[in-house]
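Along the sequence shown, residues are numbered consecutively beginning with 1.
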Amino acid sequence: MDWRAEVFSRCFAELIEKHADPQASKPNPIANRCKMILVTGAGGKIGATLIKLLNGASFRGAYNSPEKLVAARDRGLDAVHIDYARPETLEAALHGMDTVFLLSAGPGYVHLERNMVDAAKTVGIKRIVKLSAWQADKEPYTIAADHRAIERVIEASGIAWTFLRPNGFMQNYLGDAATIKTQNAFYRQAMDNSVSFIDARDIALAAFKALTTSGRDGKAYELSGPESLTNLDTANILARVLGKPITYVPVPAKVARAGMQAAGLPTDRIDSIENLMGAYETGIGAPVTPDLEGLIGRRAISFEQFVRDHIAAFQ
């Protein structure tokens, strides 16, 4: 069934029940069930794009940031505040939902997602689509192992699940935009192996498809971009699109760590980044998979297209 038809049928069924049930004015666990999808991380790169894609579906955006919550409500969205460390906020946000898009509670806090899974069980959520991490099932680095631990919790919950496991985001290069613009260079921890970077917009589209089409339960998708690129490759693409030489400057691991410390990153976050970089050095980030194209029905966005779409940031 087309997802819009499914939304309509659920909402129509609710309307019939409301008129047929003389107790409809009283609290009812099936009330408001046409508000189907709770989108966590609704203010982030993926969540904000996902909400735009869900236009016309019934959803509720969940925000941790008070400022983003106010802005969402000002735009007329059904929006709630959640705090993964406060389960009562999670149960309130889940009321009337039957599906959850579960995005990490934040770097180093994946374990707090357990609270959301527990709350989902309590209120009777039927499906969880979780944004996980690249090759989480193999646990080749700390972040992947943390996400796999939550995947196991979801698998044991009895709730239907879908796992999306994306590789590194192209959007991380926007963090290098200032030096690309002013110095014609970007500085990254030294690494020779390639990575099949993925555009966050494609991850949002994959989430949309997983949330709104059938046949996804019990499946995990390894999401890559269309090509595997080294830092030298991305420098050459940037140079070609921007029309000027761009240099990749490799930074020794110790210097990179000192830079992250100076920037105020927590030690556990720095450790997890170093661990990830070490895993990438073994080549785990290189594979290009067919999963994304099979899910979204088209070729993934290329790095060159990503740069063209964000050219104002780099020029």
Next on the checklist: Applying side-chain contact (heavy atoms from CB on, under 4.5 Å) to Thr234 and Tyr248, what does each step give before you reach the verdict?
Outcome noted: CA-CA 8 Å; Thr234 58; Tyr248 155 58; over 6 Å; no
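- The neighbour count for Arg257 CZ, taken as heavy atoms of other residues, nucleotides or ligands under 6.0 Å away, is above 12.
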Next on the checklist: Before you tell me yes or no, could you show the steps for Asp74 and Val70 under side-chain contact (heavy atoms from CB on, under 4.5 Å), namely the whole-Å CA-CA distance, both residues' side-chain angles and the distance that decides it to 0.1 Å?
Outcome noted: CA-CA 6 Å; Asp74 286 346; Val70 171; 3.7 Å; yes
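- Side-chain contact check for Met36 versus Phe59: every heavy-atom pair is 4.5 Å or farther apart.
- No chain of hydrophobic side-chain contacts below 4.5 Å, direct or via other Ile, Leu, Val, Met, Phe, Trp or Tyr residues, connects Leu223 to Val195.
- At least one donor-acceptor pair under 3.5 Å links the side chain of Thr89 to the backbone N or O of Asp83.
- Shortest non-hydrogen contact noted between Ala120 and Ile159 is CB-CD1, 3.9 Å.
- Counting only distance, with no hydrogens or angles, the side chain of Thr40 and the backbone of Leu103 share a donor-acceptor pair below 3.5 Å.
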Checklist entry - Passes salt bridge (charged side-chain N to carboxylate O under 4.0 Å, His left out), Glu304 versus Arg240? Steps please. => result CA-CA 9 Å; Glu304 180 169 339; Arg240 184 167 65 249; 2.9 Å; yes
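- Using a 4.5 Å heavy-atom cutoff, the side chains of Phe101 and Leu131 are in contact.
- Taken from NE2 in His95 to CG in Leu38, the straight-line distance is 12.5 Å, to the nearest 0.5 Å.
- Residues Thr99 and Met97 are not in side-chain contact: their nearest non-hydrogen atoms beyond the backbone lie 4.5 Å or more apart.
- In this structure a side-chain-to-backbone donor-acceptor pair under 3.5 Å is present from Ser228 to Ala286.
- The shortest non-hydrogen separation linking Ile51 to Ala42 is CD1-CB, 3.4 Å.
- The side-chain heavy atoms of Tyr187 and Asp176, taken from C-beta on, include no pair separated by under 4.5 Å.
- Separation of atoms OH (Tyr84) and CG (Leu112) is listed at 9.0 Å; rounding is to 0.5 Å.
- Expressed to the nearest 0.5 Å, how far CD1 of Ile128 lies from CG of Asp217 amounts to 11.5 Å.
- Of the possible donor and acceptor atoms, none in the side chain of Lys126 sits under 3.5 Å from a partner among the backbone N and O of Asp98.
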Item to check | Pair Asp202-Arg298, salt bridge (charged side-chain N to carboxylate O under 4.0 Å, His left out): steps then yes or no | outcome: CA-CA 10 Å; Asp202 276 344; Arg298 62 158 172 77; 2.7 Å; yes
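- Rounding to the nearest 0.5 angstrom, the gap separating the CD1 atom in Ile237 from the CG atom in Leu242 is 11.5 Å.
- In this structure, Trp161 contributes its side chain and Lys219 its backbone to no donor-acceptor pair below 3.5 Å.
- Residue Ser224 comes nearest to Ser196 through the heavy atom pair CB-OG, 3.3 Å, listed as atom of the first residue, atom of the second, then distance.
- Residues Phe169 and Met191 are members of separate hydrophobic clusters, defined by side-chain heavy-atom contacts under 4.5 angstrom among Ile, Leu, Val, Met, Phe, Trp and Tyr.
- The line from CG of Leu205 to OG1 of Thr49 is 10.0 Å long, rounded to the nearest 0.5 Å.
- Summarising the local packing, NZ of Lys121 is surrounded by 12 or fewer heavy atoms from other residues, nucleotides or ligands at distances under 6.0 Å.
- Each of Lys130, Arg165, Glu139 was scored for a side chain to side chain donor-acceptor pair (under 3.5 Å) with His147, with one residue passing: Lys130.
- Taking the charged nitrogens against the carboxylate oxygens, Arg148 and Glu151 do have a contact shorter than 4.0 Å, which makes a salt bridge.
- What you find for Ala204 and Ile46 is that their closest heavy atoms are CB-O, 3.7 Å.
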Item to check | Evaluation steps, salt bridge (charged side-chain N to carboxylate O under 4.0 Å, His left out), between Arg201 and Asp309 | outcome: CA-CA 11 Å; Arg201 293 171 295 179; Asp309 291 345; 3.0 Å; yes
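- A distance of 11.5 Å separates OG1 in Thr282 from CE in Met277, rounded to the nearest 0.5 Å.
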Item to check | Full working for side-chain contact (heavy atoms from CB on, under 4.5 Å) between Tyr221 and Thr162 | outcome: CA-CA 8 Å; Tyr221 297 88; Thr162 304; 3.7 Å; yes
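- In the hydrophobic cluster analysis, where Ile, Leu, Val, Met, Phe, Trp and Tyr join through side-chain heavy atoms closer than 4.5 angstrom, Ile203 is grouped apart from Ile301.
- At distances below 3.5 Å, not a single donor-acceptor pair connects side-chain atoms of Ser272 with backbone N or O atoms of Thr142.
- Note on ring orientation: taking the six-membered ring where Trp is involved, the planes of Phe306 and His310 are tilted (angle from 30° to 60°).
- With Arg60 contributing its side chain and Ala93 its backbone, the two residues share a donor-acceptor pair below 3.5 Å.
- By the rule that hydrophobic residues join a cluster once side-chain heavy atoms approach within less than 4.5 Å of another member, Leu276 and Leu164 end up as members of separate clusters.
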Checklist entry - Should Ile154 and Leu102 be marked as a side-chain contact (heavy atoms from CB on, under 4.5 Å) after you check the CA-CA gap, both sets of side-chain angles, and the distance that decides it? => result CA-CA 11 Å; Ile154 295 171; Leu102 180 56; 4.1 Å; yes
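- For the pair Ile296/Phe208, no side-chain contact is recorded, criterion being any heavy-atom separation below 4.5 Å from C-beta on.
- Between Tyr173 and Phe197, the ring-plane angle classifies as perpendicular under the 30° and 60° cut-offs.
- Judged by distance alone, the side chain of Glu222 and the main-chain N or O of Gln135 form a donor-acceptor pair under 3.5 Å.
- Each of Asp192, Asn167, Asn193 was scored for a side chain to side chain donor-acceptor pair (under 3.5 Å) with Tyr280, with one residue passing: Asn167.
- Thr247 is not listed as a side-chain neighbour of Asn184, based on a closest heavy-atom distance of 4.5 Å or more.
- Remark: the backbone N or O of Met170 is not paired with any side-chain donor or acceptor of Asp199 at under 3.5 angstrom.
- Residues Glu113 and Asp118 have side chains not in contact (no heavy-atom distance under 4.5 Å, counting atoms from C-beta outward).
- Scanning all heavy atoms of the two residues, the minimum distance from Gly225 to Ile198 falls at N-CB, 3.8 Å.
- Trp134 and Leu295 end up in different hydrophobic clusters when Ile, Leu, Val, Met, Phe, Trp and Tyr side chains are linked at under 4.5 Å.
- Residues Gln183 and Ile180 are not in side-chain contact: their nearest non-hydrogen atoms beyond the backbone lie 4.5 Å or more apart.
- Minimum heavy-atom separation, Pro140 to Ala279: O-CB, 3.8 Å.
- Listed for the Gln171 side chain is a donor-acceptor partner under 3.5 Å among the backbone atoms of Ala200.
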